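Encoded as C-alpha cells, the structure appears first; notes follow it.
Heavy-atom basis, side chains included; hydrogens, waters and symmetry copies ignored. Each chain gets a letter, A, B and so on, in the order the sequences are listed, and its residues count up from 1. Keep in mind the model is a prediction, meaning the values are calculated, not measured.
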Protein chains: 2
Amino acid sequence: MRKVAVLAEDVHCSNCTLNGLCLPVGIPEKDVARLDALVNQRVRAEKGATLFRAGDDVRAIYAIRSGSIKTQLEDAGGHVQITGFFLPGELIGMDGLLSYAQLSHAIALEDTEVCVIGVEDMNDLASRIPSLHQQLQRLMSREIQRSHKLLMSLGALRSDQRLAAFLLNLSQRLALLGYSATRFVLRMSREEIGNYLGLTIETVSRIFSRFARANLIQVNQRDVCLIDLPALGQLAGLGCPAPARV
Amino acid sequence: MRKVAVLAEDVHCSNCTLNGLCLPVGIPEKDVARLDALVNQRVRAEKGATLFRAGDDVRAIYAIRSGSIKTQLEDAGGHVQITGFFLPGELIGMDGLLSYAQLSHAIALEDTEVCVIGVEDMNDLASRIPSLHQQLQRLMSREIQRSHKLLMSLGALRSDQRLAAFLLNLSQRLALLGYSATRFVLRMSREEIGNYLGLTIETVSRIFSRFARANLIQVNQRDVCLIDLPALGQLAGLGCPAPARV
DNA sequence: CGCTGGCTTGATGCTGTTCAATTACTGTGG
DNA sequence: CCACAGTAATTGAACAGCATCAAGCCAGCG
C-alpha cells in the first residue's frame with residue numbers, strides 16, 4: 001500500500017509562502033499567528049496514496065502544500081466519479097465538515113505534502129476569530145460552487161467544450177500559484193480526466209489531438225501548452241449564444 | 001409577472017403536520033416551540049413565480065408547505081441547469097447560506113406555499129439550541145450529497161438509468177409524505193426533467209414510452225404509475241456490476 | 001532490450017440528438 | 001360551453017457524437 005507519512009518539521013501558516021492563497025486569506029496578520037497552532041502536523045502522501053476515505057470521521061481538513069490530490073465519490077456498485085483535482089493552497093475535506101464523515105475519497109496524484117488542520121481546534125478558533133469563521137464559510141461555499149460548475153458542464157456541454165473549460169480552469173489556478181498559465185504538465189491521466197468530465201479515455205485523447213490540429217494547444221502526452229486562449233474560452237461557453245438544449 | 005404574495009395567517013412549526021419531516025426533525029419538543037418565532041411569515045407563490053434569484057441576499061431560507069419548487073443554475077450564456085425538485089417538508093435556499101447570496105433560482109412548479117425562515121433569527125437561535133445547529137448542518141450536508149448524486153448520475157448513467165433513478169427518488173420522497181409510492185403526478189414538464197437529467201425532451205418522452213412498453217411503468221402525460229419497482233431499481237444502478245466506463 | 005502501462009489512432013456501431021410532423025392538453029374569450 | 005390558439009407530449013426518420021473494440025505507439029524501467 002502507498003504510504004502516508006507524518007513529517008516532523010514544523011511549518012506554520014505565518015511563514016508559509018502559500019498563505020495568501022490558502023486558509024489564511026482574509027485573516028488579519030495578527031490572527032494568522034494563531035492559526036499556527038492549528039496546523040499541528042504535516043503529512044507526506046506518496047503518489048497513489050489515499051489521504052482519507054469516504055465514511056472516515058472528519059478529524060481534520062487538509063491544505064495542500066505541494067503536489068496534487070484528486071477527490072472522488074464511489075457508489076454502491078463501485079463506480080467512481082472524480083469530483084475535483086486540487087492544487088497547492090487549496091483545501092480538501094471541506095464537504096465532510098458538516099456531516100462529520102468524509103463524503104469523498106482523497107488520493108494523491110503525485111507525491112504530495114499536506115498540512116493537517118484539526119477540526120476541533122479549528123472550530124474553537126473560528127468561534128473566536130470571526131474572519132476565520134467567514135473564511136471557512138467562504139471555502140465551503142466555493143466547494144458548492146465548484147460542484148455546481150461541474151454539474152453544468154456535465155449537463156450541458158459537449159465533450160470539446162468540457163475539455164476546453166477544464167484546461168482553462170487549470171490554467172487559471174496554476175497562474176494564481178505563479179506558474180505559467182499557458183504551459184504546464186497534467187498531473188492526472190487521460191482516464192482521470194475522462195472520468196471527471198464524463199467521457200472515455202479515447203474521447204479525451206482524440207479531443208487533445210483535435211485541439212492540437214486546430215492550433216489551439218500543443219500537447220505531448222501530459223505536457224500541454226495552451227496557444228489560443230481566446231478560442232478555448234469561446235469553446236468553453238463564454239462565446240456562443242447557448243448551444244441549444246434549453 | 002407571476003405573483004408571490006404574503007399570507008396573513010400564522011402557522012407554526014409546533015402545530016404543522018409536516019414537522020416530522022421538516023426543519024424540526026431531531027429537535028426536542030420543548031425547543032420546537034421556540035422555532036415558531038422564526039417562521040415569521042408564510043408566502044404563496046403562484047405557478048411559475050420566482051421565489052428568489054441567484055445573487056439575491058440570503059435573508060431567509062424556505063420550507064415548502066405545499067406545492068413544489070425547482071431550483072436552477074444559470075450561467076453567463078443564459079444556459080439553465082435545473083439542480084433539484086423540492087417537495088413539501090423540504091428546505092431550499094440552504095446552498096446560499098454560507099455565501100450570503102443565493103446561488104440558484106427558485107421557481108414554483110405549481111401554486112406553492114412556503115414558510116419563510118429568517119436567517120438572522122435562525123442563526124441566533126441555532127447558537128442557543130445545539131440540536132437546531134446540528135439539524136441545519138445535516139440539511140446543508142444533505143444538499144451537498146444531493147448534488148453529488150446528480151453528479152454521479154450525469155457522469156456515469158445511461159439515459160434510461162437516469163430516468164429510473166429519478167422516478168424512484170420521487171417515489172420514495174412522496175411515500176415519506178404519505179402519498180402513494182407507485183402512483184403520482186409529475187409536477188414538472190418533460191423539458192424540465194430532461195434538463196435536470198442532461199437529456200432532451202424527446203429522449204425523456206421516448207424512455208417513458210419504452211418503460212411503459214416494457215411494463216415497468218404506466219404513463220399518461222404527467223400521470224405515472226410505477227409497476228415494476230425492483231426492475232427500475234436494478235436499472236437505476238443497484239443491480240448490475242458497474243456499466244463499464246471506469 | 002524487452003516489458004508494462006499509458007496514450008494515440010482507426011473502424012464501427014449504438015445512444016441520444018436534431019428536425020419535423022402529429023396528437024393531446026390548457027387556458028382564453030366569445 | 002365550445003371554439004380556438006398556444007403549449008406540451010409523442011412519435012418517426014436521419015444524423016452526429018461519443019463509446020466500443022482493436023491495433024499500434026511511445027516512454028519509462030527493470
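In this structure, CG in Leu199(A) is found 12.0 Å from OG in Ser205(A), a value given to the nearest 0.5 Å.
In this entry the distance linking CD of Gln218(B) with P of dA9(D) reads 19 Å, nearest Å. For the pair Leu186(A) CG and dG6(C) P, the computed distance is 15 Å after rounding to whole Å. Straight-line distance from the CD atom of Glu191(B) to the P atom of dT18(C): 12 Å, rounded to whole Å. Atoms CD1 (Ile201(A)) and C1' (dG5(C)) sit 10 Å apart, rounded to a whole Å. Spacing between atom CZ of Arg190(A) and atom P of dC18(D) amounts to 17 Å, rounded to whole angstrom units. Distance, Leu163(B) CG to dG16(C) C1': 14 Å, rounded to whole Å. Summarising the geometry, the separation between CG on Asn220(A) and P on dT9(C) is reported as 11 Å, rounded to the nearest angstrom. At whole-Å resolution of the value, CD1 in Ile207(A) and P in dG17(D) are 11 Å apart.
Distances shown here put every side-chain N or O of Arg158(A) at or beyond 4.0 Å from the OP1 or OP2 atom of dC18(D). Within the 4.0 Å cut-off from OP1 or OP2 of dA9(D), not a single side-chain nitrogen or oxygen of Ser205(B) is found. Considering only side-chain N and O atoms, Ser209(B) lies under 4.0 angstrom from the phosphate OP1 or OP2 of dT11(D). The side chain of Thr200(B) places an N or O atom within less than 4.0 Å of a non-bridging phosphate oxygen (OP1 or OP2) of dT17(C). Residue Arg222(B) places no side-chain N or O under 4.0 Å from the OP1 or OP2 atom of dA8(D).
Within 4.0 Å of Ser189(B), counting heavy atoms only, lie sugar-phosphate atoms of the nucleic acid but no base atom.
Between Tyr62(A) and Phe86(A), the gap from one ring centroid to the other reaches at least 6.0 Å. Between Tyr196(B) and Phe85(B), the gap from one ring centroid to the other is short of 6.0 Å.
For dG10(C), its base sits under 3.5 Å from the side chain of Arg206(A) at one donor and acceptor pair at least. In this model, no side-chain donor or acceptor of Gln221(A) finds a partner on the base of dC25(D) within 3.5 Å.
Nearest nucleotide to the Glu202(A) side chain, out of dT10(D), dG16(C), dC21(D): dC21(D).
Tested against Glu110(B) for a salt bridge (Lys or Arg N to Asp or Glu O under 4.0 Å), the candidates Arg222(B), Lys47(B), Arg187(B) yield a single pass: Arg187(B). Partner of Met188(A) under the side chain to side chain contact (heavy atoms under 4.5 Å, CB included) criterion, out of Arg190(A), Glu192(A), Glu191(A): Glu192(A) alone.
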